[in-house]
Amino acid sequence: MNKSCYRHLLLVFIVFLFGCSANISVPHKPVSFSSDQALLTIYLTSSGVAEVVKEIQVEELAIEVAGAWISLDLQDSSANFAQLKGQQKLLGVSAAPLGEHRRLRLRVRGTGSDEVSDYFLLLDKNLQLEKGQSKCLFLDWRMEADKPGLVALQPHFTARAQGDVLASDLLYVACGAINTIYLVRLDSSQVVAAFSAPGPLGSIRIHPSQRRMYILSRGQRAIFVYDCLNARLVDRFNLSAAIEPSVMELSANGRSAFVSDPAAGAVFKIDLASGELLAQFRFGQRTGRLAVDDSASLLAVSLPASDQVYFLDAQTLKTVRVVPVGSEPAGLIFFANSLYVAE
């Protein structure tokens with residue numbers, strides 16, 4: 001990642017890839033966005049066989065609405081054609097007008113020049129934006145001759161609306177500040193789509209065999225279940241109004257979710273078929289992270305204040321053992337019959 005997505009980037013993966021360089025981060029400029037608006041994330045790429053040194057300054061991107069041009073709230077951004085090859089440049093994130101859109105106006109300035117050019121772009125398909133949605137818009141920059149036989153190359157731009165995602169190996173990135181999940185192809189390390197989820201966001205987890213994504217919404221006090229293939233909401237499990245959920249883990253079979261309420265010092269086990277509360281355990285102090293080992297039927301819970309890790313029976317949430325660890329245990333992960341604890 002090139003920048004941090006405000007304070008939290010939650011990485012959830014089907015296939016883990018080291019060195020992924022997709023630019024997903026929200027710009028430093030705060031995004032003004034409400035649930036009554038739609039959100040657009042705009043990316044720029046360069047393509048074609050031309051090898052030229054060319055720089056531009058993107059000064060404006062506007063959407064045509066009922067014959068008028070509505071500018072998106074983006075910062076000016078510079079781009080170098082050669083350096084952009086094979087990569088995506090994040091131009092920004094902006095609230096966007098609701099409705100069905102097809103035409104864009106892109107305003108660019110050549111670097112070191114006062115010349116400003118407007119490019120009127122027709123999207124490959126209609127861009128439908130509804131309240132609360134978050135989507136991506138992709139711009140591509142090519143250097144081509146205006147007419148066959150001409151030597152001088154000129155910038156040409158095309159625009160593409162977010163479409164269906166056909167890839168199976170994806171990285172899911174949650175940006176809690178804007179309640180958006182980004183989908184990144186692992187073969188190209190490029191963002192291909194985005195969708196909104198009810199926030200504020202807590203944990204997100206993938207169950208690969210079910211092709212389901214489970215999103216814990218702290219604001220809605222609920223677990224939302226999405227189809228990984230089309231980002232369609234397929235289920236919702238409401239938690240008790242008395243719970244302030246923060247961290248969630250899934251059982252390996254996808255039948256149960258373990259949810260913590262750190263402020264109450266409690267952990268809950270939820271049946272993901274019925275939404276029923278199956279068991280709970282209260283520690284009397286603030287909880288940290290969770291980890292599940294289905295083979296040993298154990299749930300590990302870190303307690304930073306007492307420098308302990310509790311091992312609970314994953315079926316009943318009764319105490320199996322308590323292990324003292326170093327200072328303020330945080331991250332937990334089971335691997336090869338061992339629990340690794342990060343301080």
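Remember, predicted model here, so these are calculated numbers, not experimental data.
Tracing side-chain contacts under 4.5 Å through hydrophobic residues (I, L, V, M, F, W, Y), one never reaches L278 starting from I243; they form parts of separate clusters. No single ILVMFWY cluster, assembled from side-chain heavy atoms under 4.5 Å apart, contains both F268 and L290. Hydrophobic clustering of Ile, Leu, Val, Met, Phe, Trp and Tyr side chains at less than 4.5 Å, counting indirect connections, keeps L127 apart from W69. V267 and L216 sit in two unconnected hydrophobic clusters of ILVMFWY residues. Membership requires side-chain heavy atoms under 4.5 Å apart, directly or through other members. Follow the hydrophobic side-chain contacts under 4.5 Å out from V192 and you reach I204 in the same cluster.
A donor-acceptor pair is defined here as one N or O able to donate and one able to accept, closer than 3.5 Å; no such pair exists between the side chain of S246 and the backbone of S260. Between the side chain of Q220 and the backbone N or O of S217 there is no donor-acceptor pair closer than 3.5 Å. A donor-acceptor contact shorter than 3.5 Å is absent between the side chain of D76 and the backbone of Q57. Looking at T319, its side chain never comes within 3.5 Å of a backbone N or O of R321 through a donor-acceptor pair. K135 places a side-chain N or O within donor-acceptor distance of the main-chain N or O of Q128, the cut-off being under 3.5 Å.
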With side-chain contact (heavy atoms from CB on, under 4.5 Å) as the criterion, how do L122 and R102 come out once you've worked through the C-alpha distance, each side chain's angles and the decisive distance to 0.1 Å?
CA-CA 6 Å; L122 186 67; R102 193 69 187 272; 3.4 Å; yes
Go through the steps for R160 and D124 under the test salt bridge (charged side-chain N to carboxylate O under 4.0 Å, His left out), then give the verdict.
CA-CA 5 Å; R160 178 171 57 86; D124 61 330; 5.5 Å; no
Given side-chain contact (heavy atoms from CB on, under 4.5 Å), test Y43 with K89 step by step and report yes or no.
CA-CA 5 Å; Y43 289 97; K89 181 176 181 63; over 6 Å; no
Please step through ring-ring contact (aromatic ring centres under 6.0 Å, His included) for the pair F195 and Y182, ending with a clear verdict.
CA-CA 7 Å; F195 68 94; Y182 291 94; 9.5 Å; no
Show the numbers, then the answer: is there a side-chain contact (heavy atoms from CB on, under 4.5 Å) between R211 and I206?
CA-CA 7 Å; R211 294 188 177 273; I206 295 288; over 6 Å; no
Step by step, would you call V309 with V341 a side-chain contact (heavy atoms from CB on, under 4.5 Å)?
CA-CA 9 Å; V309 172; V341 182; 4.2 Å; yes
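Open room surrounds NZ on K131; 12 or fewer heavy atoms of other groups in view lie less than 6.0 Å from it. In the displayed structure, I333 atom CD1 is contacted under 6.0 Å by at most 12 heavy atoms of other residues, nucleotides or ligands.
Of the residues T180, V93, L129, the one that meets the side-chain contact (heavy atoms from CB on, under 4.5 Å) test with S134 is T180.
Side-chain contact between I181 and V173 is absent, with no heavy-atom pair separated by less than 4.5 Å. Contact annotation: the side chain of V191 approaches that of C136 to within less than 4.5 Å [non-hydrogen atoms, C-beta and beyond]. Residues L250 and V292 are not in side-chain contact: their nearest non-hydrogen atoms beyond the backbone lie 4.5 Å or more apart. You'll find the side chain of Q88 stays beyond 4.5 Å of the side chain of L90, heavy atoms only. No side-chain heavy atom of D169 sits under 4.5 Å from any side-chain heavy atom of D187. In this structure, L106 and L139 have side chains that are in contact, with non-hydrogen atoms separated by less than 4.5 Å. Between Y172 and C228 the shortest side-chain heavy-atom distance falls below 4.5 Å. Here the side chains of L312 and V301 are in contact, with some heavy-atom distance below 4.5 Å.
With sequence neighbours excluded, the residues forming a side chain to side chain contact (heavy atoms under 4.5 Å, CB included) with A279 are K269, L317, listed by chain and number. Partners of D164 under the side chain to side chain contact (heavy atoms under 4.5 Å, CB included) rule, at least two apart in sequence or in another chain, do not exist in this structure.
Residues L137 and L104 approach most closely at CD2-CD1, 3.8 Å, considering heavy atoms. Across all non-hydrogen atoms, the minimal contact from A330 to R289 is O-CG, 2.8 Å. The heavy-atom pair separating H207 from Y214 by the smallest distance is CB-CE1, 4.0 Å. Taking every heavy atom of both residues into account, V234 and R212 meet most closely at CG2-NE, 3.6 Å. Smallest separation of non-hydrogen atoms from F258 and L299: CD2-CD2, 3.8 Å. Here the closest non-hydrogen pair linking R286 and L303 is O-CD2, 3.8 Å.
Screening residues 243-267 for salt bridge (Lys or Arg N to Asp or Glu O under 4.0 Å) gives R205-E249, R221-E244 as the qualifying pairs, with residues at least two apart or on separate chains. Within the structure, the side chain to side chain donor-acceptor pair (under 3.5 Å) test picks out no pair touching residues 329-343 (sequence neighbours left out). Applying the side chain to side chain donor-acceptor pair (under 3.5 Å) test to pairs two or more places apart or on separate chains, those with a residue in residues 294-310 are Q285-S306, D293-S295, S306-Q308.
D313 and K318 are not joined by a salt bridge, as no carboxylate oxygen comes within less than 4.0 angstrom of a charged side-chain nitrogen.
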Name every donor-acceptor pair, under 3.5 Å, that has one atom in a side chain of residues 58-65 and the other anywhere in the protein, sequence neighbours excluded.
| from | atom 1 | to | atom 2 | distance (Å) |
| --- | --- | --- | --- | --- |
| E59 | OE2 | R109 | NE | 2.5 |
| E59 | OE2 | R109 | NH2 | 3.3 |
| E60 | OE1 | R105 | NH2 | 2.9 |
| E60 | OE2 | S71 | OG | 2.3 |
| E60 | OE2 | R105 | NH2 | 3.2 |
| E64 | OE2 | R103 | NH1 | 3.2 |

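Put simply, CD1 on I56 and OG on S78 are 9.0 Å apart, with the number rounded to the nearest 0.5 Å. The CD atom of Q162 sits 9.0 Å away from the CG atom of L40 when rounded to the nearest 0.5 Å. Taking CZ of F157 as the start and CZ of F120 as the end, the distance is 13.5 Å to the nearest 0.5 Å. The distance from the CG atom of L183 to the CG atom of L171 is 9.0 Å, given to the nearest 0.5 Å. Going from atom CD1 of I270 over to atom CD of Q280 covers 9.0 Å, rounded to the nearest 0.5 Å. Separating the CG atom in L123 from the CZ atom in F138 is a distance of 11.5 Å, to the nearest 0.5 Å.
Between the side chains of H156 and T158, not a single donor N or O lies within less than 3.5 Å of an accepting N or O. Checked by atom type, the side-chain pair S196/N179 shows no donor-acceptor distance below 3.5 Å.
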